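Below: one structure, written as structure tokens.
Owing to the predicted nature of the structure, the values given are computational and were not obtained by experimental measurement.
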Amino acid sequence: MYKAEFELEAITPIFMRGANQNRAEIRAPSIKGVMRWWFRALAGNYFGSDIVGLRKAEEYVFGSTNQRNRVEVHVDCNQKPRDIIVKFKGNRPIFDKYSHIHELPYIWFSLKILASKGQIKRYYPAGTKFTIKLRSPDHKSFKIALATFWTLVTLGNIGSRNRRGAGSFKFTGGDLDILKDLSLKWTYATINDLRESILKAIDIIRLELGVQPRGNLKPQPYPILNEKTSFIGLLDTKAQDPIQALREFQNKYKTFRQKSVSKKDRIIFGLPINLRGKDIQEISGLQSKLKNSRRASPMILGVTSVGGKTHIRVVKFKTNPYHPDMELNRFSDWNIMGLFDKNIQEFPVFGSLEVFK
């Protein structure tokens with residue numbers, strides 16, 4: 001049995017619940033589910049439009065209803081979650097300072113709504129420490145799981161509002177030599193350290209699955225971590241801590257959405273979206289679809305330290321189509337995503353803004 005144990009620490013609060021929606025829990029099935037998502041993003045480099053082949057590769061590693069699981073994920077967290085304390089001033093909810101919901105009302109708006117209604121009652125604050133164990137009887141699957149988990153920790157987050165910076169976490173100890181043996185770094189002196197590790201994670205999938213890159217790879221209906229289909233940038237901040245860094249991003253994001261583009265152009269940042277006034281006239285007949293359709297944002301925020309400085313990490317994926325409803329897809333404009341990048345002046349780590357033209 002191949003196994004590894006990693007000690008981790010929450011950089012930003014984790015809002016994750018179990019079967020009991022009132023109970024905060026860092027759940028192994030949820031972690032594994034996000035690992036599967038990142039596996040597809042990595043393996044897409046080699047499968048492209050071959051969805052059947054991609055599904056078989058995913059099932060080989062992570063299992064399915066018809067195939068046994070080759071990777072086990074276990075979570076240990078001995079720290080107790082905090083209660084979300086909400087007080088009301090008239091109709092306005094005021095949240096405890098440790099949850100940081102009150103500091104990020106624009107990018108964490110759904111947490112604000114759920115917490116004010118008592119639908120989210122507990123969370124794990126920044127600084128929470130926990131352990132994740134990976135086990136597999138198959139060496140190839142084990143190495144793929146390691147590369148996938150590293151990618152999740154490095155480029156993704158967990159729990160509610162994970163695409164807007166909640167649930168960021170980092171490696172702090174454990175079997176880090178196993179990652180070192182795979183040439184995967186967990187601290188970065190330079191941007192190139194981060195870029196080279198991303199490329200290595202992608203290559204580990206190639207080596208273990210015995211597949212070759214798609215030379216003419218184009219955007220597919222699912223996200224692919226490739227320089228032709230994604231862009232990773234870092235936003236320099238003056239922040240002393242991760243929440244302050246997210247606040248800086250929030251201010252720029254809010255200003256761009258409200259002053260630089262019309263409301264209909266916000267479709268590219270995810271659905272649902274509510275339209276009013278002249279926006280309804282611009283997209284006549286689509287108000288109901290925009291309100292009731294769902295599409296996860298192509299942009300994933302996180303917090304990363306490079307060279308000892310705190311940066312906002314922004315990962316964006318271009319897919320084709322943007323939305324399966326072709327009428328909605330017709331109104332999505334990827335140029336807005338590129339315009340936003342230029343507006344906030346990220347510096348590139350991986351990929352190019354040319355992706356969004």
For Phe6 and Phe149, take the angle between the two ring planes, folded into 0 to 90°, and tell me which bin it lands in: parallel under 30, tilted 30 to 60, perpendicular over 60.
parallel
Output yes when Glu248 and Lys238 qualify as a salt bridge under the 4.0 Å nitrogen-oxygen rule, no when they do not.
no
Taken to the nearest 0.5 Å, the spacing of Glu25 CD from Met16 CE works out to 9.0 Å
Can you tell me if Asn45 uses its side chain to pair, donor with acceptor, with the backbone of Leu225 under 3.5 Å?
yes
Side-chain (Thr255) to main-chain (Lys252) donor-acceptor, under 3.5 angstrom:
no
For Asp236, is there an ion pair with Lys309 - N to carboxylate O distance below 4.0 angstrom?
yes
Suppose we screen for side-chain hydrogen bond (donor to acceptor under 3.5 Å, both in side chains). Which residues come up paired with Ser30, at least two apart in sequence or across chains?
Arg27
Does some side-chain heavy atom of Thr148 sit less than 4.5 Å from a side-chain heavy atom of Ile144?
yes
Shared hydrophobic cluster, Leu155 / Met337 (ILVMFWY, side-chain heavy atoms < 4.5 Å)
no
Check whether Ser64 reaches the backbone of Glu59 with its side chain - one donor and one acceptor, N or O, closer than 3.5 Å.
no
Lys/Arg N to Asp/Glu carboxylate O, Glu354 vs Lys357, below 4.0 Å
yes
Only counting residues at least two apart or in another chain, list the ones meeting side-chain hydrogen bond (donor to acceptor under 3.5 Å, both in side chains) with His74.
Glu72
Please answer: with hydrophobic residues joined when any side-chain heavy atoms are less than 4.5 Å apart, are Phe347 and Leu194 in the same cluster?
yes
Mark yes or no for whether Lys318, through its side chain, and Phe231, through its backbone, hold a donor-acceptor pair below 3.5 Å.
no
Is there a continuous path of hydrophobic side-chain contacts, each under 4.5 Å between heavy atoms, that joins Tyr322 to Ile224?
no
No-hydrogen, no-angle side-chain donor-acceptor test under 3.5 Å, Arg295 and Thr319:
yes
Determine all donor-acceptor pairs shorter than 3.5 Å in which one atom belongs to a side chain in residues 202-214; sequence neighbours excluded.
{"residue": "Asp203", "atom": "OD1", "partner": "Arg206", "partner atom": "NE", "Å": "2.6"}
{"residue": "Asp203", "atom": "OD1", "partner": "Arg206", "partner atom": "NH2", "Å": "3.0"}
{"residue": "Asp203", "atom": "OD2", "partner": "Arg206", "partner atom": "NH2", "Å": "3.3"}
{"residue": "Glu208", "atom": "OE2", "partner": "Lys143", "partner atom": "NZ", "Å": "3.1"}
{"residue": "Arg214", "atom": "NE", "partner": "Tyr46", "partner atom": "O", "Å": "3.2"}
{"residue": "Arg214", "atom": "NH2", "partner": "Phe47", "partner atom": "O", "Å": "3.2"}

If hydrophobic clusters are built by linking Ile, Leu, Val, Met, Phe, Trp and Tyr wherever their side-chain heavy atoms come under 4.5 Å apart, do Leu114 and Ile158 end up in the same one?
no
Shortest non-hydrogen contact from Asp325 to Lys289?
OD2-NZ, 3.1 Å
Test your reading of the model: is there a side-chain donor-acceptor pair from Lys228 to the backbone of Gly215, 3.5 Å cut-off?
yes
Heavy atoms only: give me the nearest Ser141-Arg70 pair and the separation to one decimal.
OG-CD, 3.4 Å
Please report, to 0.1 Å, the donor-acceptor pairs under 3.5 Å made by any side chain of residues 296-308, with sequence neighbours excluded.
{"residue": "Ser297", "atom": "OG", "partner": "Arg164", "partner atom": "NH1", "Å": "3.4"}
{"residue": "Ser297", "atom": "OG", "partner": "Arg164", "partner atom": "NH2", "Å": "2.8"}
{"residue": "Ser297", "atom": "OG", "partner": "Phe269", "partner atom": "O", "Å": "3.0"}
{"residue": "Ser297", "atom": "OG", "partner": "Met299", "partner atom": "N", "Å": "3.1"}
{"residue": "Ser297", "atom": "OG", "partner": "Met299", "partner atom": "O", "Å": "3.4"}
{"residue": "Thr304", "atom": "OG1", "partner": "Arg313", "partner atom": "NH1", "Å": "2.7"}

Looking only at non-hydrogen atoms, find the nearest pair between Leu235 and Phe249 and report the distance.
CD2-CD1, 3.9 Å
Tell me if a side-chain donor or acceptor on Thr172 pairs with a main-chain N or O of Glu7 at a distance below 3.5 Å.
yes
For the rings on Phe39 and Phe62, is their centre-to-centre separation under 6.0 Å?
yes
Does any part of the side chain of Ser293, heavy atoms only, come nearer than 4.5 Å to the side chain of Leu328, both counted from C-beta?
yes
Which distance, rounded to the nearest 0.5 Å, do you find between the CZ of Phe15 and the NZ of Lys121?
16.0 Å
Between Thr131 (side chain) and Glu5 (backbone), is there a donor-acceptor pair under 3.5 Å?
no
Are Phe95 and His102 near enough that their ring centres are under 6.0 Å apart?
no
Compare all side-chain heavy atoms of Ile101 with those of Tyr123 and state whether any distance is below 4.5 angstrom.
no
With side chains defined as the heavy atoms from C-beta onward, is the minimum distance between Leu353 and Lys342 less than 4.5 Å?
yes
Do you know which two heavy atoms are closest between His100 and Pro13, and how far apart they sit?
CD2-CG, 3.8 Å
Between Phe169 and Phe130, is a ring pair (Phe, Tyr, Trp, His ring centres under 6.0 Å) present by the stated rule, with each step listed?
CA-CA 10 Å; Phe169 60 119; Phe130 56 102; 5.8 Å; yes
Using modelled atom types and a 3.5 Å cut-off, is there a donor and acceptor pairing between side-chain atoms of Trp186 and backbone atoms of Lys180?
no
Does Glu58 reach the main-chain N or O of Arg36 with its side chain, forming a donor-acceptor pair under 3.5 Å?
no
Residue pair Arg161 / Leu111: nearest heavy atoms and the distance that separates them
CB-CD1, 3.8 Å
Anything under 3.5 Å between a donor and an acceptor, one on a side chain of residues 75-87, the other on a protein residue two or more places apart or in another chain? List them.
{"residue": "Asp76", "atom": "OD2", "partner": "Lys133", "partner atom": "NZ", "Å": "3.3"}
{"residue": "Gln79", "atom": "OE1", "partner": "Lys129", "partner atom": "N", "Å": "2.6"}
{"residue": "Asp83", "atom": "OD1", "partner": "Arg122", "partner atom": "NE", "Å": "3.0"}

Taking Ile191 as the starting point, is it possible to reach Ile312 by hopping between hydrophobic residues whose side chains are less than 4.5 Å apart?
no
Take Leu271 and Ile267 through the test side-chain contact (heavy atoms from CB on, under 4.5 Å) and record every step on the way to the result.
CA-CA 6 Å; Leu271 295 168; Ile267 292 172; 4.2 Å; yes
Rounding to 0.5 Å, atoms CD1 (Ile113) and NZ (Lys117) come to a distance of 6.5 Å
Heavy-atom pair of closest approach, residues Ser260 and Asn343
OG-ND2, 4.3 Å
OH (Tyr222) with more than 12 external heavy atoms under 6.0 Å
yes
Is there a side-chain contact (heavy atoms from CB on, under 4.5 Å) between Thr187 and Phe171 once you walk through the steps?
CA-CA 9 Å; Thr187 59; Phe171 292 103; over 6 Å; no
Which value, rounded to the nearest 0.5 Å, describes the distance between Arg266 atom CZ and Phe256 atom CZ?
10.0 Å
Any chance you could measure Leu182, atom CG, to Leu146, atom CG, to the nearest 0.5 Å?
6.0 Å
Contacts of type side-chain hydrogen bond (donor to acceptor under 3.5 Å, both in side chains), residue Lys316, not counting sequence neighbours
Asp341, Glu346
Measuring from Ser197:OG to Tyr188:OH, what's the distance to the nearest 0.5 Å?
5.5 Å
Is there a donor-acceptor pair under 3.5 Å between the side chain of Lys32 and the backbone N or O of Val71?
yes
Step by step, would you call Trp108 with Leu246 a side-chain contact (heavy atoms from CB on, under 4.5 Å)?
CA-CA 10 Å; Trp108 288 5; Leu246 285 173; 4.2 Å; yes
Run the side-chain contact (heavy atoms from CB on, under 4.5 Å) check on Lys200 and Trp150 step by step: do they pass?
CA-CA 11 Å; Lys200 184 59 182 178; Trp150 176 90; over 6 Å; no
